Undergrad: 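Structure incoming, see below.
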Number of protein chains: 2
Amino acid sequence: MPARTNAPHACPIRDVLDRVGDAWSVLVLTELAQGPCRFNALGRVVAGISPRMLAVTLRHLERDGLVTRTVLDTKPPQVEYTITARGTSLHAALGGLVDWAARHQVAINESRQVFDTKV
Amino acid sequence: MPARTNAPHACPIRDVLDRVGDAWSVLVLTELAQGPCRFNALGRVVAGISPRMLAVTLRHLERDGLVTRTVLDTKPPQVEYTITARGTSLHAALGGLVDWAARHQVAINESRQVFDTKV
DNA sequence: CTGTATCCATGCCGATACTG
DNA sequence: CAGTATCGGCATGGATACAG
């Protein structure tokens, strides 16, 4: 039962946590929270992401109704991704966690160092 | 750059999100939020977890100062795990996300069905 | 520009067996 | 009871090449 491979859980909340656990989803969502963005522009801002993972991530976010995908009939064609209200609310909910992380980050690193030197 | 394998990120928040993304960490932390628990008792409650992953997960949580490990000198020796204040606060912060998930879960599933039938 | 298809290295994690 | 050691399958995701 390894996280997101199988899902025999009765707990549907897992779906959402799995999305949050996905590194790229959070980064992309955070980026789109600042305004609409095109594919390659996202690829540049979210450093290190491959086209493949960017496409997969965007597809997931779109499937969950967190972002919308609109094709502009420019030449050459461009695609703009925009965060939805639902996506914005998730980003806000995520903010609570991020705040927690920011507040405890130093203490956690200290704990880790102590733990590592003891072992 | 797959999530938690490498970490060339300047973003330290990732560490925390990685922990949240780990399925077992959240489940174990949630369980311990209800009160102290011993190793095998946890193994029974967190259905499906292997001794290995339970040990790994608990060590991670302990390393981050989210739980404490106390050896009782009983016969046979038992080990009790207890959530710390820091762990409790993380669990609380997690609550915001869980609430969000609960509120949007139905709509998300609808979006997924729509998306899947369109493709 | 915006993706998709394929290949393959990496490493996670379940199973099993064993120790203090 | 509370773990650790080892093995191996398998999903994840990066690299590359290519298509619309």
Side-chain angles (χ1 to χ4, degrees), chain A residues 1-9 14 18-28 31-32 36-63 67-82 115 118-119, chain B residues 1-9 14 17-28 31-32 36-63 67-82 115 119:
Chain A
M1 189 185 303
R4 45 188 152 294
T5 59
N6 310 338
H9 272 100
R14 290 290 342 192
D18 283 351
R19 180 104 328 134
V20 171
D22 176 17
W24 301 124
S25 289
V26 176
L27 292 179
V28 169
E31 191 51 37
L32 287 178
C37 202
R38 287 185 300 103
F39 189 86
N40 276 358
L42 273 176
R44 278 186 299 271
V45 172
V46 181
I49 194 171
S50 62
R52 170 186 159 82
M53 285 316 292
L54 181 54
V56 169
T57 300
L58 285 170
R59 190 62 44 103
H60 282 163
L61 292 175
E62 186 194 1
R63 189 171 105 103
V67 308
T68 57
R69 175 182 182 274
T70 54
V71 180
L72 312 174
D73 56 345
T74 55
K75 185 166 92 76
Q78 299 181 333
V79 178
E80 190 173 72
Y81 290 91
T82 310
F115 185 90
K118 279 199 304 187
V119 177
Chain B
M1 187 186 302
R4 45 188 152 295
T5 58
N6 310 338
H9 272 100
R14 290 301 328 241
L17 291 186
D18 283 351
R19 180 104 327 135
V20 172
D22 176 16
W24 300 124
S25 289
V26 176
L27 292 179
V28 169
E31 191 51 38
L32 287 179
C37 202
R38 289 183 299 102
F39 189 86
N40 277 356
L42 273 176
R44 278 187 297 272
V45 172
V46 182
I49 195 171
S50 62
R52 170 186 159 82
M53 286 315 293
L54 182 54
V56 169
T57 300
L58 284 170
R59 232 198 337 272
H60 282 165
L61 294 175
E62 186 192 1
R63 190 171 104 103
V67 307
T68 56
R69 175 181 182 276
T70 54
V71 179
L72 312 174
D73 56 346
T74 55
K75 185 164 91 69
Q78 299 182 332
V79 179
E80 189 173 74
Y81 289 92
T82 310
F115 185 89
V119 176

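Not measured: the values here are computed from a predicted model. Sequence lines set the chain letters: A, B, ... in the order given, protein chains first and strands last, and positions in each chain run from 1. Any value given below was found using the heavy atoms of this structure, including those in side chains, with hydrogens, waters and symmetry copies removed.
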Undergrad: Take atom CZ of B:Arg19 and atom P of C:dC12, then tell me their distance rounded to the nearest Å.
TA: 12 Å

Undergrad: To the nearest Å, give me how far apart CD1 (B:Ile49) and C1' (C:dA15) are.
TA: 14 Å

Undergrad: List the atom of B:Arg19, the atom of B:Val26, and the distance in Å for their closest heavy-atom pair.
TA: O-CG2, 4.5 Å

Undergrad: Roughly how far apart are B:Thr68 OG1 and B:Leu32 CG, rounded to 0.5 Å?
TA: 9.0 Å

Undergrad: Do A:Thr82 and A:Val67 come close enough that some side-chain heavy atom pair is under 4.5 Å?
TA: no

Undergrad: Taking the side chain of B:Ser50 as its heavy atoms from C-beta onward, which of C:dG14, D:dC1, C:dT2 lies nearest to it?
TA: C:dG14

Undergrad: For DNA chain C, which residues in residues 52-63 of chain B have a heavy atom at a distance below 4.0 Å?
TA: B:Arg52, B:Met53

Undergrad: For DNA chain D, whose closest nucleotide is more 5', that of B:Arg44 or that of A:Pro51?
TA: B:Arg44

Undergrad: To the nearest 10°, give me the bend of the helix from C:dC1-D:dG20 to C:dG20-D:dC1, comparing the axes of its five terminal pairs at either end.
TA: 50°

Undergrad: Let me have the donor-acceptor pairs involving side chains of residues 69-80 of chain B, under 3.5 Å, with sequence neighbours excluded, atom names and distances please.
TA:
from    : atom 1 : to      : atom 2 : distance (Å)
B:Arg69 : NE     : B:Tyr81 : OH     : 3.4
B:Thr70 : OG1    : B:Glu80 : O      : 3.2
B:Thr74 : OG1    : B:Pro76 : O      : 2.8
B:Thr74 : OG1    : B:Gln78 : N      : 3.4

Undergrad: Within this structure, what is the CG-to-P distance between A:Asn40 and C:dT4, rounded to whole angstrom?
TA: 13 Å

Undergrad: In whole Å, I'd like the distance from the CG atom of B:Leu72 to the C1' atom of D:dG3.
TA: 15 Å

Undergrad: Name the atoms and distances for all side-chain donor-acceptor pairs under 3.5 Å in residues 49-60 of chain B, with sequence neighbours left out.
TA:
from    : atom 1 : to      : atom 2 : distance (Å)
B:Ser50 : OG     : B:Met53 : N      : 3.3
B:Thr57 : OG1    : B:Met53 : O      : 2.7

Undergrad: In whole angstroms, how far is the C1' atom of C:dG11 from the CG atom of B:Asp18?
TA: 14 Å

Undergrad: Nearest 0.5 Å please: distance from the CG atom of B:Asn40 over to the CZ atom of B:Arg44.
TA: 6.0 Å

Undergrad: In whole angstroms, how far is the P atom of C:dC13 from the CH2 atom of B:Trp24?
TA: 10 Å

Undergrad: If you take any heavy atom closer than 4.0 Å to DNA chain D, which residues from residues 73-81 of chain B end up in contact?
TA: B:Pro76, B:Pro77, B:Gln78, B:Val79, B:Tyr81

Undergrad: Does a nitrogen or oxygen in the side chain of A:Arg38 sit under 4.0 Å from OP1 or OP2 of C:dT2?
TA: yes

Undergrad: Write down the distance between CG (B:Leu42) and P (D:dG3), rounded to a whole number of angstrom.
TA: 10 Å

